[in-house]
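Working notes, structure below.
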Amino acid sequence: MNIFQFYKDQFCDLLKDNKYNCNYEKISVEPPKQTSFGDLAFNAPLILAAEFKKNPLEIGSEIAELIKKKFKEFENIDVAKPGFINLKLKSNFWISYLSDFNTHNKKIPSSKKKINIEYVSANPTGPLHVGHCRGAVYGDVLANLLSFVGEDVTKEYYINDYGNQIHMFSKSVFARIQEIKENIKFPLDQGLYPGHYLIEIANNIIKKKLITDISNYEKIKDQLGSAAMSEAMLMIKSDLLALGIQHDLFVSEKDLVSKDLISKTIEILNQKQCIYEGVLEKPKGNEIEDWEPRSQLLFKSTRFGDDVDRALKKSDGTWTYFANDVAYHAYKLERKFDKYINVLGADHAGYLKRLKACVDALSDFKADFECKTCQLVKLFKSGEPYKMSKRAGDFITAKELVKAVGVDAVRFMMIYRSNDSQLDFDFDLVTEKTKENPVFYVQYASARIHSVLRKTKFDNSVFEKSHLGLLTSNVEIELVKKLSLWQKTIELAARNLEPHRIPYYLYDLSSSLHSYWNLGKEDSSFKIIENPDINLVHARVFLLNKILSVIKSGLSILGVNAPETM
RNA sequence: GCGCUCUUAGCUCAGCUGGAUAGAGCAUCGGUUUUCUAAACCGAGGGUCGGUGGUUCGAGUCCACCAGAGCGCACCA
C-alpha cells in the first residue's frame, strides 16, 4: 500500500464531505522534509487558503480538527508555518503496516495498460558496443518496472535490415570471405566495415556452408546479405543475453518493405494532406559540399512541431530511411497499444521530433507516444578517462564490458543516474568490494540478511505476529517507515519513466539496514540473533525478511542478482 | 545559425504534479572491530542551486533572455 496515496484519497474525501472545494489535483500528502515533523505532510491549507482567501493556519486548524475526529491512528497533528498539517502515526500503526507489508500491489486486470517499448534496435551489422549498453539497460529496466507495477509490456526491437548500409556490410563480409578462402587482402580504401568481428561472421558463414560459390558477388549478394545479417543478429542476441536482455518481438524493416507497407502508409499520410512535393532549404551551419536544391516528396512535419519538413524519397526515387520508419510506426499503431515508448541514444535526439510528428499525424494526435533518450556514457579507469583502441572499427563491445565488470555492475550503474544526465562509468570502482561501490553495498545488505536467515532458520508461517509489538525502538520503526517509501518510489519511477529512483532507494534502504546492524556492536540489546528474548529475535527477523523482500524486488527490477552470500 | 540535453558542496550526482532550514556518496578531518558478514558503522566541516529578470503566498523546480558543456542538424542509416 502506498500510504501517501491512501491518505491523500482519504483526506480529499474528508475535504469534499465538509465542503472544502478546490483543485484536488494540487493537494498532496508527502513525506515531510524533516523526520521531526512527523510522517505525513498535508498541504491542503496552502491550497485552500488561496481558494478561500483565508489565513492558511486558520484553515489548517479547522482541517486538523476534522482529521482528529475521523482518524484515530495519529499520535500528533500539527499545523505548521506556511500552511502544512504534519501528522505523526502511532507506532502501532507501523507495526500493523509491517505485519501486512507486501512488495507487490495487485492490479485489477481491466486497468492494465498495454505498453510497447522499443529499445536497442541497433543496426544488424555487428555486435553491440559499449555505447548501446545504457539505452539497452534503461529500456529493459523500464520494461521490468512497468511489468512490476502491473502493466502488459511488449519489448520490441526494430531491425534495420534494409538499405545501403546492408549492401556495404554484405560487401565487407564478402571481402573477408575472399580473404579467408582465396587470400585476397581485405581492401581498406573502399569504405568497407573494417571491424574484426566481420572475420568471425565470414568464418561462420563458411563453416555453416551458407554460401559456397563466391565467384560472382552480384549473383550471391542477396543471399549473402541475409546470411551476414542473421549472423550479426545472432551476435547481437548473444550480447543482449549477456546483458540479461530478451526482447519479445523483432520487427524487420525488410519485411515491412516486402509487404509494401511503405507506400500504403505514405498514402494514408497523403489522404491526411501531410505530403507534398517541395524543395528543402540548405541547412545553415555545417557546410555541405555537394548540396543542391532538390525537389522531393516531403512530409509536412512542421505542422506537428518539427523544425523542418522531412524527405520521404531520395533523389533516386527510392524511399528514405525515415519513410520506412513512418511505416514501422504505422505498424506499431496498428497493433493498438495504450502507450508507446521509444528509447534512443542521445546521438539520435535530433530524430525525435519527426518521429513524434509522424505518430501524431498517423494517429490524429491520439497515440500516447513518448521518446526517451539516454545521454552518453564516459568510461573511466581509476578516475582517468579510458582510452579506446585506435584501430579503426575497433571498439569496446558490450560483451567485453560485461566480462570485465560483470552484468550486475553494468546494469546497476547504467541505471544509477537519470537518463538525461551524462554518466561516468569507472571500470575499477564498480568491481571494488567496498561501500564506495553502490552495487556491492546493496548486494552486501542482501547477503547480511541471508546470513541471519541461515542462522535462525526462522519459519515465517509459525510466527505469531502479535510479537511484532516488541519492535519498540525508534530505529526499527524508522526502518518500517523506510519500507513504506517503496511503493511510492516505484510508482513515481513508473509514472515518470525514471528507473534511476530505484537504485537510489535501494542504496538508502541498505544504508539504514547496515546502520541498524551495527547498533548491536555498541549496545548488545540490539543484537538480532544473540538475544535472550526469542520472540524479539523472531520479530526482528520478520522485519529483516521484509527488508530483504524489497531489496530482492528492487534488484530484480534492475535485473541484478541479490546474493545469499558474498 | 537551429534543435535536444545538462549546469546543485573540491569531485560525481539525487531532489516527486512548485512547498518548510537544499540532500547523498567520494575526498578531507576525527572516532568505533578479540565481528550476529568491519567488504561495515558513527561524527565534523563544506552551498549566492551557472547568471539576470519574470510568474506567485512561495522557485533548485515554471517562463524569458544570457553564458558554458555534450549531442545532432538535406538525399545516409
Side-chain angles (χ1 to χ4, degrees), chain A residues 4 25-26 28 30-34 37 41 43 46 49-50 56 80-84 86 123 125 160 162-166 168 253 279-286 288 290-294 296 306-308 310-311 313-316 318 320-322 324-325 345-353 373 375-376 378 380 383 416-424 426 429 432-438 440-441 443-445 447-448 450-452 455-456 488-489 491-493 495-496 498 500-501 504 507-508 511 514-522 524 526-531 537 565-566:
Chain A
F4 304 98
E25 289 296 303
K26 286 182 156 181
S28 72
E30 307 246 307
K33 268 260 145 66
Q34 285 184 52
F37 293 155
N43 73 345
L46 288 167
K81 279 180 282 176
F84 289 99
N86 291 326
N123 290 336
T125 52
N160 298 126
Y162 186 83
N164 238 330
Q165 64 165 2
I166 300 305
M168 290 313 287
E253 182 182 3
V279 181
L280 289 174
E281 273 179 46
K282 185 178 180 182
K284 285 169 187 162
N286 50 349
I288 304 160
D290 59 344
W291 189 88
E292 54 182 18
R294 201 172 269 164
Q296 289 173 298
D306 200 357
D307 306 310
V308 290
R310 303 293 174 178
K313 269 191 179 171
K314 295 185 238 172
S315 47
D316 65 2
T318 59
T320 60
Y321 170 80
F322 176 60
N324 290 0
D325 222 0
D347 51 342
H348 291 90
Y351 197 66
L352 212 130
K353 279 188 183 177
T373 55
Q375 293 298 314
L376 300 183
K378 284 186 280 183
F380 285 81
Y416 195 49
R417 301 291 184 218
S418 157
N419 58 293
D420 284 330
S421 293
Q422 292 195 3
L423 177 91
D424 290 353
D426 194 308
L429 174 67
E432 270 175 25
K433 294 184 171 178
T434 68
K435 63 161 298 191
E436 279 77 71
N437 175 6
F440 168 80
Y441 191 74
Q443 290 186 320
Y444 187 52
R448 266 190 159 165
H450 272 290
S451 123
V452 171
K455 288 193 170 150
T456 55
K488 187 177 169 59
T489 302
E491 283 171 22
L492 201 59
R495 184 167 65 237
N496 299 330
E498 292 171 341
H500 69 277
R501 291 174 188 279
Y504 267 91
Y507 188 92
D508 191 36
S511 173
H514 291 312
S515 194
Y516 178 54
W517 183 276
N518 275 277
L519 284 177
K521 299 192 190 304
E522 299 267 314
S524 62
F526 277 108
K527 291 211 172 192
I528 292 159
I529 304 171
E530 292 170 16
N531 201 294
V537 171
T565 58
M566 291 179 81

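In the text below, chain A, chain B and the rest are named by the order of the sequence lines, each starting its count at 1.
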- prompt: On a whole-Å scale, what distance lies between the C1' atoms belonging to B/G60 and B/U7?
  reply: 11 Å
- prompt: Using a cut-off of 4.0 Å between protein heavy atoms and nucleotide atoms, how would you tag nucleotides 19-28 of chain B 5' to 3' with B, S and -?
  reply: BBB---SS--
- prompt: Looking only at side-chain N and O atoms, does A/Lys378 come under 4.0 Å of OP1 or OP2 in B/U12?
  reply: no
query: Under 3.5 Å, side chain of A/Asp508 to main-chain N/O of A/Tyr504, donor-acceptor pair present?
result: no
message: When you measure from the side chain of A/Asn531 to the backbone of A/Lys527, do you find a donor-acceptor pair of N or O atoms at a distance under 3.5 Å?
response: yes
- request: Verify the contact: side-chain N or O of A/Ser315 to OP1 or OP2 of B/C75, cut-off strictly under 4.0 Å; return yes or no.
  value: no
task: Kindly indicate whether the side chain of A/Tyr444, heavy atoms from C-beta on, has any atom under 4.5 Å from the side chain of A/Met566.
output: yes
Protein-nucleic acid N or O pairs under 3.5 Å, nucleotides 72-74 of chain B:
residue: B/A74; atom: N6; partner: A/Asp290; partner atom: O; Å: 3.0
residue: B/A74; atom: N1; partner: A/Glu292; partner atom: N; Å: 3.4
residue: B/A74; atom: N1; partner: A/Glu292; partner atom: O; Å: 3.3
residue: B/A74; atom: N1; partner: A/Arg294; partner atom: NH1; Å: 3.1
residue: B/A74; atom: N1; partner: A/Arg294; partner atom: NH2; Å: 3.4
residue: B/A74; atom: N3; partner: A/Trp291; partner atom: NE1; Å: 3.3

Rounded distance (nearest 0.5 Å) linking atom CG of A/Asp325 with atom OG1 of A/Thr320: 9.0 Å
task: State which of B/U37, B/A40, B/A77 makes the closest approach to the side chain of A/Ala447.
output: B/U37
Approximate separation, where rounding is to 0.5 Å, of A/Arg294 CZ and A/Lys313 NZ: 15.0 Å
Spacing between A/Glu498 atom CD and B/C13 atom C1', to the nearest angstrom: 14 Å
message: With a 4.0 Å cutoff (strictly under), does any side-chain N or O of A/Asn496 reach OP1 or OP2 of B/U17?
response: yes
message: Please report the interatomic distance CD(A/Glu432) to CG(A/Asp426), rounded to the nearest 0.5 Å.
response: 8.0 Å
field: Separation between CZ of A/Arg501 and OG1 of A/Thr489, rounded to the nearest 0.5 Å
entry: 8.5 Å
- prompt: Checking A/Thr373 side chain against A/Ala349 main chain: does a donor-acceptor pair fall under 3.5 Å?
  reply: no
field: B/G43 versus B/C62 - spacing of their C1' atoms, nearest Å
entry: 39 Å
- request: Give the nucleotide from the list B/U37, B/G70, B/C36 with an atom nearest to the side chain of A/Gln375.
  value: B/G70
- prompt: Among B/C76, B/C36, B/A14, which is the nearest nucleotide to the side chain of A/Trp517?
  reply: B/C36
message: Heavy-atom nearest nucleotide on RNA chain B for A/Lys26 versus A/Leu376: which residue maps closer to 5'?
response: A/Lys26
Table of protein N/O atoms under 3.5 Å from nucleotides 45-50 of chain B N/O atoms:
none

message: Check the phosphate of B/C36 against A/Thr456, side-chain N and O only, distance under 4.0 Å to OP1 or OP2. Yes or no?
response: no
message: In terms of relative ring orientation, are A/Tyr321 and A/Tyr351 parallel, tilted or perpendicular, with 30° and 60° separating the classes?
response: tilted
task: State which residues pass ring pair (Phe, Tyr, Trp, His ring centres under 6.0 Å) with A/Phe84; sequence neighbours excluded, sorted by chain then number.
output: none
message: For the residue pair A/Asp420 / A/Ser418, report whether a side-chain donor-acceptor contact shorter than 3.5 Å exists.
response: no
task: Describe the nucleic acid contact of A/Lys521 in one word from base, sugar-phosphate, nothing, applying a heavy-atom distance below 4.0 Å.
output: base
field: Given RNA chain B, 5'-ward residue of the pair A/Asp420 and A/Tyr441, judged by closest heavy atom
entry: A/Asp420
query: In Å, rounded to the nearest 0.5 Å, how long is the span from OG of A/Ser511 to OH of A/Tyr441?
result: 3.5 Å
message: Could you measure the distance from the CZ atom of A/Phe37 to the CG atom of A/Asn86? Nearest 0.5 Å is fine.
response: 6.5 Å
Which pairs, protein N/O on one side and nucleotides 61-67 of chain B N/O on the other, fall under 3.5 Å?
none

task: Using whole Å, report how far CG of A/Asp508 lies from P of B/C16.
output: 16 Å
query: Counting distance only, does the side-chain N/O of A/Gln375 pair as donor-acceptor with the main-chain N or O of A/Ser421 below 3.5 Å?
result: no
- request: Measure from the side-chain N and O atoms of A/Asn43 to the backbone N and O of A/Lys26, and report whether any donor-acceptor pair falls under 3.5 Å.
  value: yes
- line: So the stems of RNA chain B, runs of at least three Watson-Crick or G-U pairs (under 3.5 Å), are B:1-7 with B:67-73, B:10-13 with B:23-26, B:28-32 with B:40-44, B:50-54 with B:62-66
